[in-house]
Peer 1: 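Could you have a look at this structure, given as structure tokens, before my questions?
Keep in mind it's a predicted model, so treat the numbers as computed, not measured. In what follows, every chain begins at residue 1, and chains take the letters A, B, ... in the order their sequences are listed.
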2 protein chains.
Amino acid sequence: MLSKKTKYAINALVYLSKKPPKQPILISEIAEHENIPQKFLEAILLDLKKAGILASKKGKGGGYFLLKSTDDVNMADVMRLFDGPIALLPCVTHKYYQKCDECVDEETCGIRSVFLEVRNQTVDLLKKATLAEIIKRGILIH
Amino acid sequence: MLSKKTKYAINALVYLSKKPPKQPILISEIAEHENIPQKFLEAILLDLKKAGILASKKGKGGGYFLLKSTDDVNMADVMRLFDGPIALLPCVTHKYYQKCDECVDEETCGIRSVFLEVRNQTVDLLKKATLAEIIKRGILIH
DNA sequence: TATTAGTCTATTAATACAATAGACTTTATA
DNA sequence: TATAAAGTCTATTGTATTAATAGACTAATA
């Protein structure tokens with residue numbers, strides 16, 4: 001399951017995606033509309049900014065807005081940012097490969113083989129799941 | 001990431017799958033060979049027994065052995081048993097549907113649509129990942 | 001009937017997640 | 001240029017989950 005942090009991040013991103021481009025939106029507005037504790041949301045937005053997904057404008061009339069295009073923000077990136085690797089085993093992560101503690105002999109890598117396939121397919125799907133795609137599907141349903 | 005419990009369970013199951021059918025294996029043997037705290041393993045094996053995957057024989061010459069065929073034990077079942085639903089959102093689980101707390105308006109279901117697809121594909125893959133498949137792949141590699 | 005081995009309940013330790021509090025800095029604009 | 005609006009940062013707290021441990025109890029077999 002996704003952590004609350006990731007869920008909040010996705011909800012906030014979708015909310016911002018529906019606003020006119022570059023228009024700064026108040027943290028308080030997002031927090032209220034999406035039912036997110038404001039202070040918690042501040043930290044999340046800050047992380048998204050550090051990751052280059054959002055930008056912010058300070059002072060009166062300031063707020064957060066989407067920096068990247070909705071086509072360029074996908075769920076794989078967001079999940080990795082807050083929940084870490086998508087892989088189910090440390091030995092099948094793309095960047096941070098680590099031998100499983102439990103791995104005693106090489107025969108066990110039948111397990112690895114299977115979970116590598118799961119990871120690859122999941123990542124592919126999550127990369128296709130962009131903000132643009134989410135919004136498109138949201139519209140189609142109504 | 002899989003919990004240790006699930007990893008231990010998979011390792012134990014693969015270990016038992018390689019033994020002659022119905023031959024009781026000591027908990028201590030599995031624990032030692034797979035580097036699992038014995039007491040922790042006992043609880044895991046008990047859960048697998050309750051789930052109908054393993055059986056046990058008490059007394060001298062006793063131990064645990066696979067009850068189901070290696071074709072009939074898949075990673076989706078094992079993961080659900082110890083880590084709960086495979087879905088990434090409560091609103092896309094098969095059995096225990098629950099509205100997301102964070103879901104404020106129906107438009108957000110673009111998110112649901114995307115994560116439903118992820119869940120379905122993941123479950124399909126994990127169901128194909130049987131013990132038999134894991135062992136087959138393990139052999140192929142060596 | 002002694003020994004081996006599985007079953008069960010309770011407790012503790014460690015870690016990660018979620019949320020909160022408050023002080024500080026920056027910026028727009030009246 | 002003061003001030004109010006708004007973002008940034010650090011630290012702390014509470015809570016839940018995971019991982020592991022301890023020990024008493026029950027059952028079965030040679």
Peer 1: If every non-hydrogen atom of A:Asp77 is compared with every non-hydrogen atom of A:Asp72, which pair is closest and at what distance?
Peer 2: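 Taking every non-hydrogen atom into account, OD2-O, 4.4 Å.
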Peer 1: Take atom CD of B:Glu29 and atom P of C:dT4, then tell me their distance rounded to the nearest Å.
Peer 2: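 Atom CD in B:Glu29 sits about 16 Å away from atom P in C:dT4.
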Peer 1: Return the 5'-most residue of the pair A:Glu42, B:Leu26 with respect to DNA chain C, ranking by each residue's nearest nucleotide.
Peer 2: B:Leu26
Peer 1: Within the structure shown, what part of the strands sits under 4.0 Å from B:Leu45 by heavy-atom distance: base, sugar-phosphate, or nothing?
Peer 2: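 No contact.
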Peer 1: Measuring from the side chain of B:Lys5 (C-beta onward, heavy atoms only), which nucleotide among D:dA19, D:dT8, C:dA19 has the closest atom?
Peer 2: D:dA19
Peer 1: For the residue pair A:His33 and A:Tyr15, categorise the inter-ring angle as parallel (less than 30°), tilted (30 to 60°) or perpendicular (more than 60°).
Peer 2: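 Rings of A:His33 and A:Tyr15: tilted, 30 to 60°.
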Peer 1: If you compare every side-chain N and O of A:Ser28 against the phosphate oxygens of D:dA6 (OP1, OP2), does one of them come in below 4.0 Å?
Peer 2: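 Checking D:dA6 against A:Ser28, no side-chain N or O comes under 4.0 Å of OP1 or OP2.
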Peer 1: Do the charged groups of B:Lys19 and B:Glu29 touch, with an N to O distance under 4.0 Å?
Peer 2: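 Counted as a salt bridge, because a side-chain N and a carboxylate O are separated by less than 4.0 Å.
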Peer 1: Round to a whole Å and report the spacing from NZ of A:Lys58 to C1' of C:dT26.
Peer 2: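 Spelled out: NZ on A:Lys58 to C1' on C:dT26 is 4 Å.
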Peer 1: Nearest-Å distance, CG (B:Leu41) to C1' (C:dT7)?
Peer 2: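 That distance rounds to 14 Å.
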Peer 1: Check the distance between D:dT8's C1' and A:Lys49's NZ and give it to me in whole angstrom.
Peer 2: 8 Å
Peer 1: Which nucleotide, D:dC9, D:dA6, C:dG6, lies nearest any side-chain atom of B:Tyr64?
Peer 2: C:dG6
Peer 1: Of A:Gln38 and B:Lys50, whose closest DNA chain C nucleotide lies nearer the 5' terminus?
Peer 2: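 On the 5' side of the pair lies B:Lys50.
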Peer 1: Does a side-chain N or O of A:Tyr8 approach OP1 or OP2 of C:dA19 to a distance below 4.0 Å, or not?
Peer 2: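 So the side-chain polar atoms of A:Tyr8 do come within 4.0 Å of the phosphate oxygens OP1 or OP2 of C:dA19, strictly under.
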Peer 1: When the distance from CG of A:Leu54 to P of D:dG7 is rounded to whole Å, what number comes out?
Peer 2: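 These atoms are roughly 12 Å apart.
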Peer 1: Going by an N to O cut-off under 4.0 Å, is there a salt bridge joining B:Glu117 and A:Arg137?
Peer 2: yes
Peer 1: Give the nucleotide from the list C:dA19, D:dT29, C:dG6 with an atom nearest to the side chain of B:Lys57.
Peer 2: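 That would be D:dT29.
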Peer 1: Starting at atom CG of B:Asn11, determine the distance to atom P of D:dA19, rounded to an integer number of angstrom.
Peer 2: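 Spelled out: CG on B:Asn11 to P on D:dA19 is 13 Å.
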Peer 1: Under 4.0 Å from OP1 or OP2 of D:dA19: is there any side-chain N or O of B:Ser3 that close?
Peer 2: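 For D:dA19, OP1 or OP2 has a side-chain N or O of B:Ser3 closer than 4.0 Å.
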Peer 1: Starting the side chain at C-beta, find the nucleotide from D:dC9, D:dA20, D:dA28 nearest to A:Leu46.
Peer 2: D:dC9
Peer 1: Starting at atom CZ of B:Phe40, determine the distance to atom C1' of C:dA13, rounded to an integer number of angstrom.
Peer 2: 13 Å
Peer 1: Record whether the side chain of B:Lys39 comes under 3.5 Å of the base of D:dG23 through a donor-acceptor pair of N or O atoms.
Peer 2: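 Donor-acceptor pair under 3.5 Å: yes.
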Peer 1: Does a donor on one side chain and an acceptor on the other come within less than 3.5 Å for A:Ser3 and A:Asp83?
Peer 2: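 A donor-acceptor contact under 3.5 Å links the two side chains.
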Peer 1: Out of D:dA5, D:dG7, D:dA30, which nucleotide sits closest to the side chain of B:Lys60?
Peer 2: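 It is D:dA30.
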